[in-house]
Structure formats: structure tokens, C-alpha cells
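See below for the structure under consideration.
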Amino acid sequence: MQAVLILAHKNENQVFKLAKLMSSKFEVYIHFDVKYHLAQDQLDKFKANKIKVFSVYDVKWGSFSILKATFLLLKEALKNKKITYFHLISGQDWPMTNLNKLYKSFEDNNTVYLNYSKAKYKKAVGEPEILWVKYYYNYDQINRRTGFGKIYHRFLLLIETILRINKLKKFGISDEQIYSGQEWFDVPRDVAEYLINVFEKNETWKKIFSTSFCSDEMFIPTILGNSSYVSRIDKNIHRYILPVKRHGSLPSILDVTDFRKIKNGNYWWGRKIESPYSDELVDKINKEIL
């Protein structure tokens, strides 16, 4: 048995279609951002299809709240002792391969599929990613995506650079120990249990990442990158993601022009899916995967 964990914050109808599709083969657990209010009839619709829905955290982009929602789902899924493999996707993802084939790919599979590399040598939007962990941020309280949040972020970078802040040094952690990557993963049960244990019991890592920026893209890569599980990591996460802006979104919202590349590639998941841009693509993919 396998579980699909879905982080969602909008488009309840699309998320329901995704969850119902996946529930034909997988156990499905969803966390909806509490800001997205689901009516009782909507909740009943999920329940009727044996889809487990949670809405606990006020999720803000770039904040620790994303990790808290992720680990809530992981912990809930681990309660089912029959589940041997766990897949984290977003509510804007979609399977890109036949569901039976997808499921079989992870039977008796102890590989960890996780994109990661050392943060020390990476930049994003012109910023060294290592600063996102070395400096202090409070984006559970401040919305980083607002105009004020963007100015506030620049202010923090300037002030903490001037003050030579290094949170990692305080905890005896070196830059070389910090990894970053995409937050999406596919992991076997023993790795999921290990991650939960570290998240709940390791106070050092919790103090570091609860005050970091984009910790959802750094915590799991860092924990596994410094563990004995590192030898089991495959960096190819088999996700079709276009890192360019299209349809007003970065990464791109996928559309039917991507179908040929998806069909000819070795992809398990694709993102981002958004109606109406992706409707024709989803229709064509569904004919392939069902």
C-alpha cells in the first residue's frame, strides 16, 4: 500500500478530481490551507471517497508552516502500518504515467527520490541560498509575497549582512551541511519514519529551520543529505516542471503543447496544472494513464 500526500491551498474542484483519481490506487491525505474554507458538503464529498482531509495550518509561502503541514500528512499516513511508500505532491500536480505502472514502480523499492544539492553553491533570484538558513526570518508572521513582505525581506538581508549574523555557527553547523532542492519527494517507510523522528525530536534542526526562509526546500534535503540514507537518494524525481514563466506563473502552468514531451519522457508527476490552460492537456493525459 502507498500514500499520496497533497498540499493544497486553492481550486477545491481540481484537488478533488486529483484526489479521487489517485484514490483508485493510493491512500490519499490532503492538507488545505486554513485560509481556504471548505464547506461541509465539500468535506463530505472527500469523505465519501475515503480521502482524508486536514486543515490545520495557516500556510504562508516561504515559511515553516509548509513543513508543519507536510509532516502532519506524513505522520497521519504513517499511522497506517500497511503503507510502505509515500509521495508528496501539490494540489496543482497531476500524474503523468499509467497509475498501475506508477504504483508498481515503488513496490519493493527502497530508493529515495529527492532533488538536492549543496545550498552553499546555489543562488535563487540573485540571492545565495545559504543566507536563507544562516539568517533569521519570521515569515509565519509576515507574508513574504506582499509588497511589504518583499521590502521587509530586502531589509532583513541588508541588516543581517551588516551585523554578520550566522545562525549556523551558533549551533555548530557548517555551510557544507546545508542542502536545498525541490520540496516534492517519494520516500519509503523507513525514511519517512526517520524524517518524522528528526522533525519532532531534534531541537537544533527545528530551531534552525523554523527561523529560515523556504525551509520546505531545505529541511528534508539537509536531513537526508547528512544521514546514512544519502546513498539511497536518486536525484531524478521524474517530475515535469518548466522553470520559465508562462500563463503568468513561474514555474510554468502546463498546457497541451507540453503533451508530446511528457509522453516521450519518463515522468511520474507534472506541475503546475491550472484550469483553463491545462484542461486539454489533462484530458489527453487521462486517456493515457487510466
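Minimum heavy-atom separation, A119 to M218: CB-CE, 4.2 Å. Smallest separation of non-hydrogen atoms from A19 and I30: CB-CD1, 3.7 Å. Across every non-hydrogen atom of A124 and W132, the tightest pair is CB-CH2, 3.5 Å.
Here the CG atom belonging to N166 is positioned 8.5 Å from the CD1 atom belonging to I130, to the nearest 0.5 angstrom. In this structure, the separation between CG on L67 and CD1 on I220 is 6.5 Å, given to the nearest 0.5 Å. To the nearest 0.5 Å, the span separating CD1 on I51 from NZ on K47 amounts to 13.0 Å. Distance check: K284 NZ to I289 CD1 gives 13.5 Å after rounding to the nearest 0.5 Å. Note that CG of L21 is 11.5 Å distant from CG of N49, once rounded to the nearest 0.5 Å. Rounding to the nearest 0.5 angstrom, the gap separating the OH atom in Y29 from the NZ atom in K79 is 9.0 Å.
Within the 3.5 Å criterion, the main-chain N or O of E193 finds no donor-acceptor partner in the side chain of N197. S278 places no side-chain N or O within 3.5 Å of a backbone atom of S275 that could act as its donor or acceptor partner. Using a distance-only test at 3.5 Å, with no hydrogens or angles considered, a donor-acceptor pair links the side chain of H31 to the main chain of Y57.
For D41, the CG atom counts as densely surrounded, since its 6.0 Å shell holds more than 12 non-hydrogen atoms of other residues, nucleotides or ligands. The 12-atom threshold is not exceeded at CD of E280, counting heavy atoms of other residues, nucleotides or ligands nearer than 6.0 Å. Enclosure of atom NZ in K167 by more than 12 non-hydrogen atoms of other residues, nucleotides or ligands within 6.0 angstrom is indicated. For K101, the NZ atom is loosely surrounded, since the number of other residues' heavy atoms within 6.0 Å does not exceed 12. Within 6.0 Å of NZ in K20 there are 12 or fewer heavy atoms belonging to other residues, nucleotides or ligands.
The only member of W269, W268, F185 that meets ring pair (Phe, Tyr, Trp, His ring centres under 6.0 Å) when paired with Y113 is W268. When each of V191, V230, L224, D234 is checked for a side chain to side chain contact (heavy atoms under 4.5 Å, CB included) with L114, only L224 meets the rule. A ring pair (Phe, Tyr, Trp, His ring centres under 6.0 Å) with Y240 is found for one member of W184, F259, Y267 and no other, namely Y267. Remark: of the listed residues W205, F199, F209, F199 is the sole one forming a ring pair (Phe, Tyr, Trp, His ring centres under 6.0 Å) with F64. Among I89, N286, I262, the one residue that satisfies the side chain to side chain contact (heavy atoms under 4.5 Å, CB included) test with W94 is N286. Of the residues listed (Y179, Y229, F219), the one engaging Y116 in a ring pair (Phe, Tyr, Trp, His ring centres under 6.0 Å) is Y179, and it is the only one.
No donor-acceptor contact under 3.5 angstrom links the side chains of E217 and S180, judged on distance only. Under the 3.5 Å distance criterion, with hydrogens and angles disregarded, a donor-acceptor pair is assigned to the side chains of D44 and Q40. Side chain to side chain, Y135 and S212 fail the donor-acceptor criterion of an N or O pair below 3.5 Å. Between the side chains of E176 and Y121, at least one donor N or O lies within less than 3.5 Å of an accepting N or O. Defined by atom type and a distance below 3.5 Å, a donor-acceptor pair is present between the side-chain atoms of Q2 and H87. Between the side chains of K50 and S23, not a single donor N or O lies within less than 3.5 Å of an accepting N or O. Under the 3.5 Å distance criterion, with hydrogens and angles disregarded, no donor-acceptor pair is assigned to the side chains of N143 and T146. No side-chain donor from either of K245 and S252 sits under 3.5 Å from a side-chain acceptor of the other.
Checked against the 6.0 Å centroid threshold, F26 and Y103 count as a close aromatic pair. Aromatic rings from H247 and Y277 are positioned such that their centres are separated by under 6.0 Å.
I223 and V133 fall within a single hydrophobic cluster, where Ile, Leu, Val, Met, Phe, Trp and Tyr side chains are chained together by heavy-atom contacts under 4.5 Å. Transitive grouping of hydrophobic side chains (ILVMFWY, heavy atoms separated by less than 4.5 Å) keeps L157 and I162 in distinct clusters. Side-chain heavy atoms closer than 4.5 Å link hydrophobic residues (I, L, V, M, F, W, Y) into clusters, and following such links, possibly through other members, connects L74 to F54. Connection of V34 to L43 is not established within any shared hydrophobic cluster, with ILVMFWY side chains joined at heavy-atom distances below 4.5 Å, either directly or through further cluster members. Note: the hydrophobic cluster containing I253 does not contain I285 (ILVMFWY, side chain heavy atoms under 4.5 Å, direct or indirect links).
Using the six-membered ring where Trp is involved, H153 and F213 have ring planes that are tilted, between 30° and 60° apart. In this pair, Y152 and Y139 present their aromatic rings perpendicular. The plane angle is above 60°, beyond the 30 to 60° band.
Between L242 and P251 the shortest side-chain heavy-atom distance does not fall below 4.5 Å. Residues L7 and L73 form a side-chain contact, since some pair of their non-hydrogen atoms from C-beta on lies under 4.5 Å apart. Proximity of K201 to K206: side-chain heavy atoms (C-beta onward) are nowhere separated by under 4.5 Å. With contacts defined as side-chain heavy-atom distances shorter than 4.5 Å, the pair L254/I273 qualifies.
With respect to K10 and E274, a salt bridge is recorded, a charged nitrogen being found less than 4.0 Å from a carboxylate O. Between R154 and E127 there is a salt bridge, since a side-chain N of the basic residue sits under 4.0 Å from a carboxylate O of the acidic one. The pair K134-E160 does not meet the salt-bridge criterion, since no charged nitrogen lies less than 4.0 angstrom from a carboxylate oxygen. Looking at R246 and D258, a side-chain N of the basic residue comes within less than 4.0 Å of a carboxylate O on the acidic one, giving a salt bridge. Between K207 and E203 there is no salt bridge, since no side-chain N of the basic residue sits under 4.0 Å from a carboxylate O of the acidic one. Contact check on D186 versus R239 returns a salt bridge, with a Lys/Arg side-chain nitrogen under 4.0 Å from an Asp/Glu carboxylate oxygen. Looking at K35 and D58, a side-chain N of the basic residue comes within less than 4.0 Å of a carboxylate O on the acidic one, giving a salt bridge. The pair E76-K52 does not meet the salt-bridge criterion, since no charged nitrogen lies less than 4.0 angstrom from a carboxylate oxygen.
Both tests pass for K45 against the ring of F16: distance under 6.0 Å to the centre and angle within 45° of the axis. With W61 as the aromatic partner, R145 meets the cation-pi criteria of under 6.0 angstrom to the ring centre and within 45 degrees of the ring axis.
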Inset, instruction - Check step by step if side chain to side chain contact (heavy atoms under 4.5 Å, CB included) holds for F32 and F46. - result: CA-CA 12 Å; F32 272 99; F46 283 99; 4.0 Å; yes
Inset, instruction - Could you walk me through whether L102 and N98 pass the side chain to side chain contact (heavy atoms under 4.5 Å, CB included) test, one step at a time? - result: CA-CA 6 Å; L102 178 64; N98 177 271; over 6 Å; no
Legend entry - Full working for side chain to side chain contact (heavy atoms under 4.5 Å, CB included) between V59 and H9: CA-CA 8 Å; V59 177; H9 68 282; over 6 Å; no
Legend entry - Residues I237, Q182; criterion side chain to side chain contact (heavy atoms under 4.5 Å, CB included); working and verdict: CA-CA 9 Å; I237 59 174; Q182 295 171 5; 3.0 Å; yes
